[in-house]
Structure formats: C-alpha cells, structure tokens
Amino acid sequence: QRAAEIESLNKQLDIFKGKIQDLTRDLQDTETRASNDRRIRDGIESELSRERIVCQDLKLTSDRGQQELGRLEKENATLFAQINNLNITLSAITDEKIRFEKMLETANVKI
C-alpha cells in the first residue's frame, strides 16, 4: 500500500510539475506581451511628443502670422490714408489749375 501511495503522490507531483510548467509558460508569455506593450506605449508616447512639438511650432508660426497680418493691415490702412490724402491734394491741384486756366483766359480776353 505504501508503494501505491508513493506512486499516487508521484503522479500528483508530475501533474503539479506540468501545471507549474504551464503557469511558467503563461507567465513568460504575459511578460513578453507586457514588454511588447511597453515598447508600443513608448513608441506612441514618443510619437505624441513629436506631435506636440509640431503643434507648438505650428502655434508659434500661426501667432507670428497673425502678428504679421496685423502689422500688414495697419500698414495697408496707412497706405490707404496716404492715397486718400494724395487724391484730395490732386483734386485741389486740379481745381487750382482749372481756376488758373480760367484766369489766363480772362487775362487773354482783356489783352
């Protein structure tokens, strides 16, 4: 009977060894998946970091563009004001020329 108990215990031991091997394989597979997941996560985080930098660069470029646009709008308004002033001056000169020509005509008629 002792031999039968030993044999039964050996079979149970073999079963436990098999289960331990299965669990060890499962653990190794889980560790491998976790390692792969970490690499993937690190890659994604790295890509996100690059995208953040690109977004920051785009924001800076946009801000500079907005500043330049504001400057150009002010310059444009100044140029339009100058053109308007020149048109007023040209109109006054034209009026003065017409008045002067009429004076010459009047002077020629008297002569």
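Treat the numbers as computed from the prediction; the structure is a model and nothing was measured. Heads up: numbering here begins at 1 and tracks the sequence.
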Looking only at atom types and distance, does a side-chain atom of [X] sit under 3.5 Å from a main-chain N or O of [Y], one as donor and one as acceptor?
{"X": "Ser91", "Y": "Asn87", "answer": "no"}
{"X": "Thr89", "Y": "Asn85", "answer": "yes"}
{"X": "Ser46", "Y": "Asp42", "answer": "no"}
{"X": "Ser8", "Y": "Ala4", "answer": "no"}

What I want to find out is whether [X] reaches [Y] closely enough, with some N-O distance under 4.0 Å, to be called a salt bridge.
{"X": "Glu75", "Y": "Arg71", "value": "yes"}
{"X": "Asp63", "Y": "Lys59", "value": "yes"}
{"X": "Asp22", "Y": "Arg25", "value": "yes"}
{"X": "Lys102", "Y": "Glu105", "value": "no"}

Quick one: pull up [atom1] in [X] and [atom2] in [Y] and give me the separation to the nearest 0.5 Å.
{"X": "Leu79", "Y": "Gln82", "atom1": "CG", "atom2": "CD", "answer": "5.5 Å"}
{"X": "Asp29", "Y": "Thr24", "atom1": "CG", "atom2": "OG1", "answer": "11.0 Å"}
{"X": "Ile88", "Y": "Ile83", "atom1": "CD1", "atom2": "CD1", "answer": "12.5 Å"}
{"X": "Leu9", "Y": "Phe16", "atom1": "CG", "atom2": "CZ", "answer": "10.0 Å"}
{"X": "Leu23", "Y": "Thr30", "atom1": "CG", "atom2": "OG1", "answer": "10.0 Å"}
{"X": "Leu48", "Y": "Cys55", "atom1": "CG", "atom2": "SG", "answer": "10.0 Å"}

Report task. Might you point out which heavy atoms bring Arg38 and Glu31 nearest each other, and give the distance in Å? Result -> NH2-O, 4.5 Å
Query raised in the report: Do the side-chain N and O atoms of Arg33 and Asn36 include a donor-acceptor pair separated by under 3.5 angstrom?
Result: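 No.
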